[in-house]
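The sequence lines fix the lettering, A, B, ..., with proteins before strands; numbering per chain opens at 1.
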Amino acid sequence: MLSIENVNTWMNLFSEQLLEKKTYLSELDTAIGDGDHGNNLARGAAALKEKLADNEYETLTDLLKDIGMVFVSKIGGASGPLYGSAFISMAKASKENEELDLAGLLEAGLDGIQKRGKAVAGEKTMVDEWIPVVDAVKENSLTPEVIEEAVAKTEQMKATKGRASYLGDRSIGHLDPGAMSSSYLFKTMIEAGVYDG
Amino acid sequence: MMGKQIGILLVSHVEEVAKGLTKLLNQVAADVTIIPAGGTEDGEVGTSFDKISAAVEEFEEDTIIAFYDLGSAKMNLEMAVETTDKEITLYDTAFVESAYTAASLLQVDVPLEDIDKQLAELKVK
């Protein structure tokens, strides 16, 4: 069940995970990108923890919107607008439909990412993590294994979107950093009890 | 001082690139407002939504044409476009060449639709 409380817990767990994996994410990004994914997300995570500690939220929409704005402002790079658009889209969807379930919410988030980044499945981006996860949430079959398998699949993909696309075939054989950071998002979503399928 | 009706916004991953291009454009377009928004807030390589938004609000002009270097600059620019009342057009064109073309044409009061036509040939992304 979605609640203000468990989304708050989710975001705190996600932030802690990002801070912990900062170096690893930047290493993944050094291989096929500009090497700043870990640092950028860690900056966003620190700002998000602060924001959540300083504020009380009355609606899920307000909470999701604030998460999105912190990501847009503090992460920077490509990940800021992408993660930010995901949460801002979720905020909008939750406002339009108060009964929206987690699958609907995540679908709105994915839609926001795709509108912003124009990526589709198989281009070695965070979208390759989001699509299988959204499908699994819809079918009530999400597990940590589903999340991990989706990241693992990005290794053999050739990047055709994002900074890694400049490398062409040379991007094959590396995990996508955005898919990896998104896997932390979804694992902590399970941990926080937001997904209780 | 607002010299023309349309201003130019330059977004680059590097502060010096955006500032350097501004310098180049100022040479051919002394009366056009050109504002750079390069790098992150702490001067690192990257683009910043906050920095771009602040640059947008700096314009006295209500119409802005914007040029950028790489993909993530575009995403931050798009977010800034969505959160302002100003009319901003983004061009997926060669950064230096198209900004230079637009500046030269604005300086001599060429209408935007004619500028658009010329910029279309410089589309690279």
Side-chain angles (χ1 to χ4, degrees), chain A residues 26 29-30 32-44 46-47 51 65-89 91-92 112-119 123-127 159-167 177-178, chain B residues 9-19 35-58 64 66-86 88-96 120 123-125:
Chain A
S26 282
D29 195 29
T30 300
I32 54 169
D34 48 8
D36 61 2
H37 194 57
N39 288 335
N40 285 347
L41 287 181
R43 191 170 53 234
K51 184 90 182 175
K65 194 178 162 201
D66 258 17
I67 296 166
M69 287 316 291
V70 168
F71 284 159
V72 172
S73 289
K74 299 298 171 191
I75 297 179
S79 307
L82 290 169
Y83 274 108
S85 295
F87 280 89
I88 291 167
S89 288
K92 280 184 193 154
I113 292 170
Q114 292 191 286
K115 276 195 182 134
R116 183 68 57 210
K118 310 281 186 297
E123 294 189 299
K124 200 181 184 93
T125 70
M126 67 196 292
V127 163
T160 52
K161 271 278 162 10
R163 195 63 68 84
S165 65
Y166 294 104
L167 292 171
Chain B
L9 173 64
L10 301 174
V11 180
S12 166
H13 277 62
V14 178
E15 192 171 0
E16 290 84 352
V17 171
K19 284 187 174 163
I35 300 182
T40 62
E41 279 179 277
D42 44 10
E44 299 293 318
V45 174
T47 53
S48 148
F49 164 78
D50 287 352
K51 206 166 178 177
I52 296 169
S53 288
V56 166
E57 297 313 320
E58 236 183 273
I64 299 166
F67 301 92
Y68 65 92
D69 55 5
L70 300 170
S72 55
K74 181 179 185 179
M75 287 193 259
N76 276 309
L77 245 175
E78 283 175 341
M79 300 226 58
V81 170
E82 286 163 22
T83 50
T84 181
D85 295 330
K86 292 186 190 288
I88 308 179
T89 310
L90 309 189
Y91 292 89
D92 300 323
T93 48
F95 187 43
V96 176
K123 188 168 159 58
V124 292
K125 46 205 173 193

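The two atoms that bring Gly117(A) and Met75(B) nearest to each other are CA-SD, 4.1 Å, heavy atoms only. The two atoms that bring Gly35(A) and Asp29(A) nearest to each other are N-OD2, 3.0 Å, heavy atoms only.
With contacts defined as side-chain heavy-atom distances shorter than 4.5 Å, the pair Leu77(B)/Leu9(B) qualifies. Counting heavy atoms from C-beta on, the side chains of Glu15(B) and Lys51(B) come closer than 4.5 Å.
Along residues 160-167 of chain A, the residues that come nearer than 4.5 angstrom to chain B, judged on non-hydrogen atoms, are Arg163(A), Tyr166(A) in order of number.
Neither the backbone nor the side chain of Glu44(B) comes within less than 4.5 Å of any heavy atom in chain A. For Ile88(A), the part lying under 4.5 angstrom from a heavy atom of chain B is the side chain only. Contact annotation for Asp50(B): only side-chain heavy atoms (C-beta onward) come within less than 4.5 Å of a heavy atom of chain A.
Not one N or O on the side chain of Thr84(B) forms a donor-acceptor pair closer than 3.5 Å with the backbone of Ala80(B). With hydrogens and angles ignored, the 3.5 Å screen pairs no side-chain donor or acceptor of Asp69(B) with any backbone N or O of Phe95(B). Panel note: side chain Ser26(A), backbone Asn39(A); a donor-acceptor pair is recorded below 3.5 Å.
Between Phe67(B) and Tyr91(B), the two ring planes are parallel [angle under 30°; tilted spans 30° to 60°].
Among Leu70(B), Val45(B), Thr40(B), the residue with the largest count of heavy-atom pairs under 4.5 Å with chain A is Leu70(B).
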